[in-house]
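Accompanying notes for the structure given below.
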Amino acid sequence: MAWTSKYIKTAVVALAATIISACTVSYKFNGASIDYSQTKTITIADFPIRSSYVWGPMGPMFNNQLKDQFANHTRLEQVKRNGDLKIEGEITRYEQRNKAVSAEGYSAMTELSMTVNVRFTNNKNHKEDFEQQFTATQSYETTQSLNAVQEELVTQMVKDLCDQIFNRTVANW
């Protein structure tokens with residue numbers, strides 16, 4: 001009887017170990033789903049500013065953040081031209097508008113927005129090519145001057161835009 005009980009316990013443990021090892025979940029913490037055996041390079045062009053209203057540093061901030069996003073979260077080599085993936089476009093809008101009105105009838109909140117137009121080409125699978133606009137917004141109290149909050153707000157919008165572009169191009173979300 002003891003032999004049978006020991007045999008059953010051993011069989012149950014072995015079966016549990018087999019089931020656990022057979023059921024694995026794979027996570028990629030960078031969010032990218034890239035087949036690196038086929039896709040090895042990316043070309044990211046500088047996005048010129050085509051907006052009528054501009055803040056000088058926003059162009060370089062956006063271009064650097066976009067390139068850093070792909071450098072930090074993928075193993076793709078960035079090349080000047082003929083990449084397996086290609087991202088290009090332009091900053092098309094940068095504007096502010098009233099978002100909320102106070103009880104006295106004055107503007108209480110102002111919304112700042114930034115829009116980029118992106119053309120994505122996947123030279124390994126042209127079915128994934130697209131052209132799309134991405135927009136990010138941030139609000140600030142009208143009691144603050146735009147000059148006082150502009151750098152922080154643009155930094156946040158640039159990060160949001162780069163996340164949106166990254167997710168749309170290589171994360172397949």
Side-chain angles (χ1 to χ4, degrees), residues 21-100 109-140 146-173:
S21 66
C23 299
T24 59
V25 178
S26 174
Y27 291 102
K28 294 180 183 177
F29 293 106
N30 64 11
S33 57
I34 301 169
D35 181 0
Y36 289 108
S37 66
Q38 290 185 349
T39 307
K40 297 179 182 348
T41 60
I42 187 168
T43 299
I44 303 174
D46 282 342
F47 282 48
I49 300 173
R50 302 272 190 253
S51 173
S52 57
Y53 178 63
V54 299
W55 180 58
M58 78 179 176
M61 284 174 71
F62 175 80
N63 291 316
N64 291 335
Q65 175 67 32
L66 187 60
K67 290 173 184 175
D68 288 349
Q69 181 98 6
F70 282 86
N72 294 334
H73 298 291
T74 70
R75 292 182 292 165
L76 296 171
E77 178 186 353
Q78 292 187 24
V79 294
K80 296 229 184 260
R81 59 181 164 251
N82 301 326
D84 297 329
L85 304 178
K86 182 179 180 182
I87 299 174
E88 59 187 342
E90 50 278 331
I91 300 169
T92 57
R93 280 191 311 186
Y94 179 66
E95 58 192 7
Q96 60 181 340
R97 64 181 180 88
N98 291 332
K99 185 175 180 182
M109 293 292 288
T110 302
E111 183 177 77
L112 191 63
S113 68
M114 184 175 171
T115 301
V116 295
N117 186 57
V118 175
R119 289 177 298 282
F120 174 72
T121 306
N122 183 337
N123 289 314
K124 298 296 182 180
N125 181 4
H126 285 289
K127 290 179 184 177
E128 295 181 359
D129 295 358
F130 68 84
E131 182 168 358
Q132 180 179 340
Q133 290 194 353
F134 296 90
T135 301
T137 61
Q138 290 289 320
S139 299
Y140 65 97
L146 178 59
N147 287 338
V149 296
Q150 188 164 228
E151 182 174 359
E152 178 184 343
L153 298 178
V154 170
T155 300
Q156 292 170 1
M157 288 188 299
V158 163
K159 182 180 180 337
D160 183 24
L161 287 166
C162 291
D163 286 344
Q164 290 179 51
I165 294 166
F166 182 85
N167 288 337
R168 178 67 171 90
T169 54
V170 298
N172 294 329
W173 287 26

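Residues take their numbers from the sequence shown, with the count starting at 1.
- Among residues two or more places apart in sequence or in another chain, the side chain to side chain donor-acceptor pair (under 3.5 Å) test is passed with Glu111 by Arg97.
- For Lys40, the salt bridge (Lys or Arg N to Asp or Glu O under 4.0 Å) test picks out no residue, with sequence neighbours left out.
- For Arg81, there are no side chain to side chain donor-acceptor pair (under 3.5 Å) partners two or more places apart in sequence or in a different chain.
- The minimum heavy-atom distance between Ser139 and Leu153, with the atom names listed, is O-CD2, 4.2 Å.
- Counting only heavy atoms from C-beta outward, the side chains of Val116 and Ile165 approach each other to under 4.5 Å.
- Take Asn123 and apply the side chain to side chain donor-acceptor pair (under 3.5 Å) test, not counting sequence neighbours, and it matches no residue.
- Looking at heavy atoms from C-beta onward, Leu66 lies in side-chain contact with Ile87 at the 4.5 angstrom threshold.
- Side-chain atoms of Glu131 do not come within 3.5 Å of backbone N or O of Asn117 as any donor-acceptor pair.
- Closest non-hydrogen pair, Thr43 versus Lys80, comes out as CG2-O, 3.2 Å.
- Put simply, the side chain of Phe62 does not reach to within 4.5 Å of the side chain of Met157, judged on heavy atoms.
- Legend: residues meeting ring pair (Phe, Tyr, Trp, His ring centres under 6.0 Å) with Phe120, ordered by chain and number and at least two apart, are Phe130.
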Let me check something: any side-chain donor-acceptor pairs from residues 44-53 under 3.5 Å, sequence neighbours excluded? List them with distances.
unit_1, atom_1, unit_2, atom_2, d
Asp46, OD1, Lys67, NZ, 2.7
Ser51, OG, Tyr53, N, 3.3
Ser51, OG, Tyr53, O, 2.8
Ser51, OG, Tyr94, N, 3.1

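- Salt bridge annotation for Arg119-Glu90: present, with a cationic side-chain nitrogen under 4.0 angstrom from a carboxylate oxygen.
- Here Asp160 contributes atom CG and Gln156 contributes atom CD; the two are 9.5 Å apart, rounded to the nearest 0.5 Å.
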